[in-house]
Structure formats: C-alpha cells, structure tokens
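To start, the structure under review is shown below, and the notes come after it.
Order of appearance sets the numbers: ligands from 1, and atoms from 1 within every ligand. What you see is a predicted model; the values in this text were computed from it and never measured.
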Amino acid sequence: MPKINVLPKNVAELIAAGEVVERPASVIKELVENSIDAGANFITVEIKRGGITYMRVTDNGCGISFGDVPTAFLRHATSKIKTDEDLNSIGTLGFRGEALAAVSSVAKVEMLTAPEDSMMGTHYVIEGGEEKLYEEIGCPKGTTIIIRDIFYNTPARMKFLKKDVSEANACAAVIDRIALSHPEVSFKLIRDGKQTLMTTGDGSIKSAVYSVLGREFSHSLIETEGEIGSVSVKGLICKPFACKPTRNNQFTFLNGRLVRSGTVVAAVEQAYKNSAMIGKFPGFVLYLTIPCDTVDVNVHPAKTEVRFSDEKRIFDAVYSAVKASLSVSDTRPEVKLNTPTFNPFQHIKANEYRQQVIGEETIAEKVYEKEPKKVTFNQPNDFGFVNRYSFVAKDGSKLKPMTKEEFKETVVTPLKAEPIIEDKPQIKVIGEAFSTYIIAEMKESVFMIDKHAAHERILFNKLKKEQKVEVQPLLAPVSVTLAREEYDAVINNTEALENAGFEVEDFGSSCVLVRAVPTFLTSEDASSVISEIASKLISGTSLITERQEHILSTVACKAAIKAGGKTSILEMQSLAEKVLLDDEIMYCPHGRPVAFEIKKRELEKQFGRIQ
Ligand code: ADP
Ligand code: MG
C-alpha cells in the first residue's frame with residue numbers, strides 16, 4: 001500500500017491553478033473582470049505572442065492599498081464576499097478569490113497599483129507563488145498587472161497551448177464578449193504592438209456592437225426592449241434578411257455576464273418564425289436583467305450555461321420583446337451596390353462631365369446659356385445635344401429642333417402631368433423583369449418585388465386576419481390517397497383544416513375525400529394542397545396556432561400568382577402598393593424576402609454622380 005501524503009502547498013496550488021488558468025485567454029478574462037469589478041471605465045489589454053510571453057491589463061479602477069496587495073494574491077482572498085449568504089446575491093463578476101493566486105503560481109507577475117486617495121502606490125512582483133518585490137512607488141491611480149511567461153514552471157501544461165495565433169484569437173474573443181457586455185467601459189486591445197480593438201465606452205450598445213462585430217452586422221440591426229415582471233430585456237437583433245447559417249452572432253448577457261441559455265435562443269428563434277429563412281439563424285445581442293437570486297450562476301467559472309428558476313418567464317419576456325420589434329420595424333432589406341472600380345465604357349466621370357459642360361446646375365438651365373457644345377455620350381443613351389434647342393439621335397440621323405418649352409417638358413418635368421396624391425406616397429411601376437420581379441419606384445428608392453412571394457404574403461395575412469374563410473364546395477369531391485402518416489395527420493386535424501376552408505372526410509385505407517376548398521383554390525389544386533399540408537403537419541410542432549399557420553401558408557402559396565406567369569400592369573400596381581405601403585408584408589410566409597430596396601443615393605454613387 002503506498003503511503004498517503006498531504007500535498008505540499010505549492011503543488012496543491014498548482015493543481016488548483018489548473019482549474020482557473022487554462023490558457024492566456026482565461027487569465028485575460030479574470031484580470032479584465034477584476035478591473036471591471038474595481039469600477040474601471042478604461043481598460044487596456046496588451047498581449048504578445050498570444051499572451052504566452054506577455055499580458056498586460058491596465059485599468060483606472062479603485063486600486064489596492066499597500067497593505068492589501070500581498071493578501072490579494074492569497075487563495076480565497078477576495079473583497080467581494082464575506083459570508084455564505086452573499087453567495088446568493090452575487091453582483092460582481094469574480095468572487096472565488098482564486099484568480100490572482102492561481103496566476104501567480106504559474107507565471108511571473110508584476111503589479112503596479114494605487115488607490116485614488118493615496119499619494120503613493122505599490123510595486124509588487126511575485127513569481128511561481130514566491131514574493132520577489134514589495135515596495136512603495138509613485139504611480140497613477142488604478143492597477144496595472146503584467147503576466148510574463150505563463151506556465152514557465154509547468155512545462156507539461158505549456159505543451160497544451162495552441163499556436164500563438166489561436167491563443168491570441170481566444171484572448172481577443174474574451175475581450176469582444178466583455179466589451180459587448182460593458183458598453184460603458186472603453187476597451188483597447190493591443191496585439192503584438194498593433195491596436196486591434198477600441199470601443200468608445202460611451203454606454204451605447206450600438207457603438208459597442210459596431211466596434212466589436214463590425215460595420216456590416218451593425219447596419220442590419222433593430223433595437224428591442226421589453227419587460228415582464230422583474231425580467232427586463234434590451235438589446236439589438238438583426239433584420240430577418242441578415243440571418244446567417246450559423247449561430248455565431250448570438251450573444252446573451254445576463255446581469256452583465258455572457259451566458260449561454262437554450263431558453264433565450266429558442267425564444268428569439270421562435271419570434272423569427274415566418275420571417276427568417278429556414279436554416280438561417282438570427283444574430284442578436286441581448287441584455288437580460290433579472291434579480292440575482294432567480295439564477296444559478298454558482299457554477300464553474302469556465303462554464304457559461306445558466307439555469308433560471310423560472311425559464312418560462314424568461315422565454316416569454318424575450319419572445320415578446322423580439323416579436324414586437326420585428327413587427328414594427330422596417331425590416332425590408334436594402335441592396336447596397338458595390339462601387340464600381342473600373343468601367344470600360346466610362347471615359348469620363350459623370351460629375352466631371354457635369355462640371356465641364358454644365359457646372360453644378362441642371363441641364364435645362366445651362367444649355368440655354370452656354371455656347372453650343374457637342375457632347376457624345378459614352379453611356380448607352382438616346383441622344384446628345386448639338387446646339388441650344390436641338391437634339392440629335394445618336395446615329396446622327398434625326399435632327400429635331402425643339403422649343404425651350406418642349407425641351408423642358410421632355411427632359412426636366414416628364415412627370416408633371418401625373419396626379420399627386422397627398423398622404424399616400426406615389427408608387428410608379430416601371431415594369432417587370434423575367435416575368436418574376438416587379439420594378440417599382442417610390443420616393444427616393446427603386447424596389448424589386450418578387451411577385452409570387454408578395455402575393456403569397458398578402459393572401460397569408462388576409463387569411464390570418466379573416467375569421468371565416470369563404471368556402472367553395474366542389475362539384476365532384478376529390479379523393480386523395482396519402483402516406484399512412486400523412487393520412488393520420490389529416491384525419492387528426494380536420495377541424496384546423498375546416499377553419500382554413502377545407503372540408504375533408506375520412507374515406508378509409510389512407511384515403512380522404514375533399515368536398516370543399518377555399519374560394520381562391522380550384523378542384524385541381526385540392527389533391528396537391530392536401531398532401532402538402534399533410535407533410536407539413538407531420539414535420540411541424542403540435543402547437544395548434546402553428547399547425548393553423550402551416551395550413552394557411554400552403555393555401556396562400558398555392559393560390560398566389562406564379563413567378564414566370566403573365567401579370568397585368570394593374571395587378572403589378574396593386575401588388576406594389578400593398579407591398580410598399582403595408583409594413584406587415586415584408587417576407588413571404590416561408591421567410592423569403594418580398595422586396596429589395598435600392599436607394600437613389602446608391603445608384604448615384606454607382607454612377608459616380610456623388611461620392
Ligand atoms: P476575486 O476577484 O474572486 O475576488 P481575485 O484573486 O481575482 O479574486 O482578486 C482578489 C482581490 O484582489 C479582489 O477581491 C480585489 O479586491 C483585488 N483586485 C484584483 N484585481 C484588482 C484590480 N484590477 N483593481 C482593484 N482590486 C483588484
Ligand atoms: Mg477575480
């Protein structure tokens with residue numbers, strides 16, 4: 001039998017350190033959290049070689065008094081809790097009193113710290129758990145802590161570290177998350193001498209998101225806010241068209257701490273149903289505030305999954321906030337065109353040309369004042385002007401003299417004659433591309449509308465609003481044979497089908513009889529609609545409202561005009577008006593967008609009219 005030994009203090013500490021200090025990123029997390037707990041609003045983090053050789057965290061927090069410095073490096077030394085009761089209402093980030101002890105046992109640590117009210121500060125050096133220097137020194141208010149050569153005394157652990165880049169990325173990810181959770185603190189990250197992140201610390205979530213997640217992500221965001229009882233939700237969610245195939249951009253902060261919560265993710269994704277494409281996930285940055293005693297955070301520091309004592313309330317609060325924001329915001333996607341870098345047809349820039357020929361004023365004004373000047377357009381164009389009141393076709397064949405008035409009429413005010421309706425913005429249908437996309441102009445934008453998706457959404461909304469669907473009995477009932485599962489689904493949902501305008505009867509041996517369909521379907525549609533509904537009912541949930549929506553969306557899809565089919569100009573006009581003037585019609589029930597917007601400004605930029 002081997003003898004049982006009590007481990008020497010330094011070995012015990014090394015083992016304990018392994019739990020807290022796994023890699024440079026975990027050190028950065030502990031140190032930055034300490035800075036935040038110390039009330040700092042300006043924190044600089046510097047790392048070299050992924051933090052393996054050097055990490056520095058400087059803050060302008062409360063500092064540590066001379067006498068307390070060595071204590072801070074002892075195990076279970078903390079200023080954040082005193083009794084076991086404090087554990088239930090923990091408001092600060094770290095509280096186990098382990099971080100500094102752990103780090104100093106596996107690295108070379110140097111600290112410079114000064115409290116605000118003190119004339120002098122402290123210079124402290126501790127390596128591998130051994131105090132090397134402890135002296136008074138003049139230094140600015142706040143704390144700087146430098147960690148050198150992590151795991152220098154535990155080579156085994158050193159081996160587990162990844163490449164410098166991976167370690168550096170992990171450190172950066174830690175700062176990203178902390179920066180998102182504390183928009184009121186300005187963070188700076190310096191990586192091998194280069195500044196890679198700087199947040200403003202102005203308290204605005206938007207600017208923190210902008211700095212951390214980048215411009216593209218922050219441009220597609222909607223603000224959201226809501227409250228149920230003591231649960232409050234606030235933050236930013238992405239517009240449905242900006243949903244991504246991964247869940248990487250999902251951040252939940254609970255009382256200021258990044259957490260993972262299946263409940264929150266499920267609530268958000270549920271709210272996007274019908275507006276996000278299937279297989280795509282919404283990005284969000286949500287901040288939840290709940291009383292400390294209703295959440296279990298007393299888990300291992302490396303774990304972020306949380307449990308709530310009232311998951312349902314959390315779900316409801318998140319779901320209703322997100323759902324409400326999605327329904328009121330203009331979530332229509334806008335097309336950003338790439339600025340062209342090279343255009344073989346363009347010999348002269350549009351604004352240069354304008355400068356040269358007519359200055360900043362309009363064609364109509366200038367053309368009468370200036371001496372005649374011949375301009376040949378390089379862009380495809382119908383004419384160039386040859387002298388004051390004349391046009392010539394590009395091939396030079398037709399010279400058509402015009403009066404000043406006629407010219408103005410043609411070029412400057414072609415829309416003059418159209419009626420202007422005061423309160424409703426005017427919508428002009430320009431035409432249709434590929435018999436599928438209606439092109440329409442409204443205010444300062446051009447819209448491309450998917451006519452099938454638009455019609456489908458309009459019908460779907462109409463069906464959802466109407467309590468009673470008009471039913472059309474079929475002259476001859478249509479029999480539909482279904483797969484066993486589908487048949488069961490239909491038979492078990494005859495009531496839901498009836499609400500949607502279908503009269504379906506059990507005909508035995510996997511067969512149903514369709515006796516009536518909604519008025520805008522025909523008997524030819526009956527068979528395919530019923531089998532489509534059946535397959536959706538199988539894959540869907542058991543929620544009655546959801547089943548109803550499946551049925552209605554199938555009906556809407558079937559009844560809607562088809563892409564590629566012929567559509568009259570009047571129909572296009574009516575569709576465009578419904579889509580552009582009704583905020584509820586942004587996405588088809590399957591979540592595909594219904595319209596894209598191209599702003600006039602974007603076009604002008606594209607053509608070099610403006611910069
Ligand atoms: P914990 O944060 O769990 O209390 P730590 O080992 O991380 O334990 O820190 C020990 C103590 O040292 C803290 O409770 C705090 O009083 C003090 N401390 C650590 N870092 C800072 C800092 N940057 N500014 C002020 N005080 C600090
Ligand atoms: Mg700590």
Are Glu444 and Arg601 within salt-bridge range, i.e. N to O under 4.0 Å?
no

Between Asp176 and Val212, is there a donor-acceptor pair closer than 3.5 Å when you use the side chain of the first and the backbone of the second?
no

Determine, using heavy atoms of Gly61 and all atoms of ligand 1, whether some pair is separated by less than 4.0 Å.
no

Side chain or backbone, does Glu30 bring an N or O within less than 3.5 Å of an N or O on ligand 1?
no

Can you list the ligand 1 atoms lying under 4.0 Å from a non-hydrogen atom of Thr143?
22 (C), 23 (N), 24 (N)

Which ligand 1 atoms does Ile64 reach within 4.0 Å, using its non-hydrogen atoms?
17 (C), 18 (N), 25 (C), 26 (N), 27 (C)

Check Leu31 against ligand 1 and report side chain, backbone, both or neither, counting heavy atoms closer than 4.0 Å.
neither

Less than 3.5 Å between some nitrogen or oxygen of Ala99 and one of ligand 1, yes or no?
yes

So if I apply the salt bridge (charged side-chain N to carboxylate O under 4.0 Å, His left out) rule between Glu269 and each of Arg247, Lys280, Lys323, which one comes out positive?
Arg247

Using a plain distance cutoff, I'd like to know if Leu100 has any nitrogen or oxygen under 3.5 Å from a nitrogen or oxygen of ligand 1.
yes

Apply ring pair (Phe, Tyr, Trp, His ring centres under 6.0 Å) to Phe160 and Phe151, showing your working.
CA-CA 10 Å; Phe160 283 101; Phe151 301 142; 9.5 Å; no

Using a 3.5 Å cut-off on N or O atoms only, is Asp37 in polar contact with ligand 1?
no

Non-hydrogen atoms of Ala107 and Ile150 that approach each other most closely:
CB-CA, 3.9 Å

One should read off an interatomic distance between Tyr272 OH and Phe284 CZ, to the nearest 0.5 angstrom, of 9.0 Å

Any donor-acceptor pair under 3.5 Å linking the side chain of Asn153 with the backbone of Ser105?
yes

Is the contact between Ala72 and ligand 1 made by the side chain, the backbone, both, or neither, using heavy atoms and a 4.0 Å cut-off?
both

Counting only heavy atoms closer than 4.0 Å, does ligand 1 sit against the backbone of Glu98, its side chain, both, or neither?
backbone

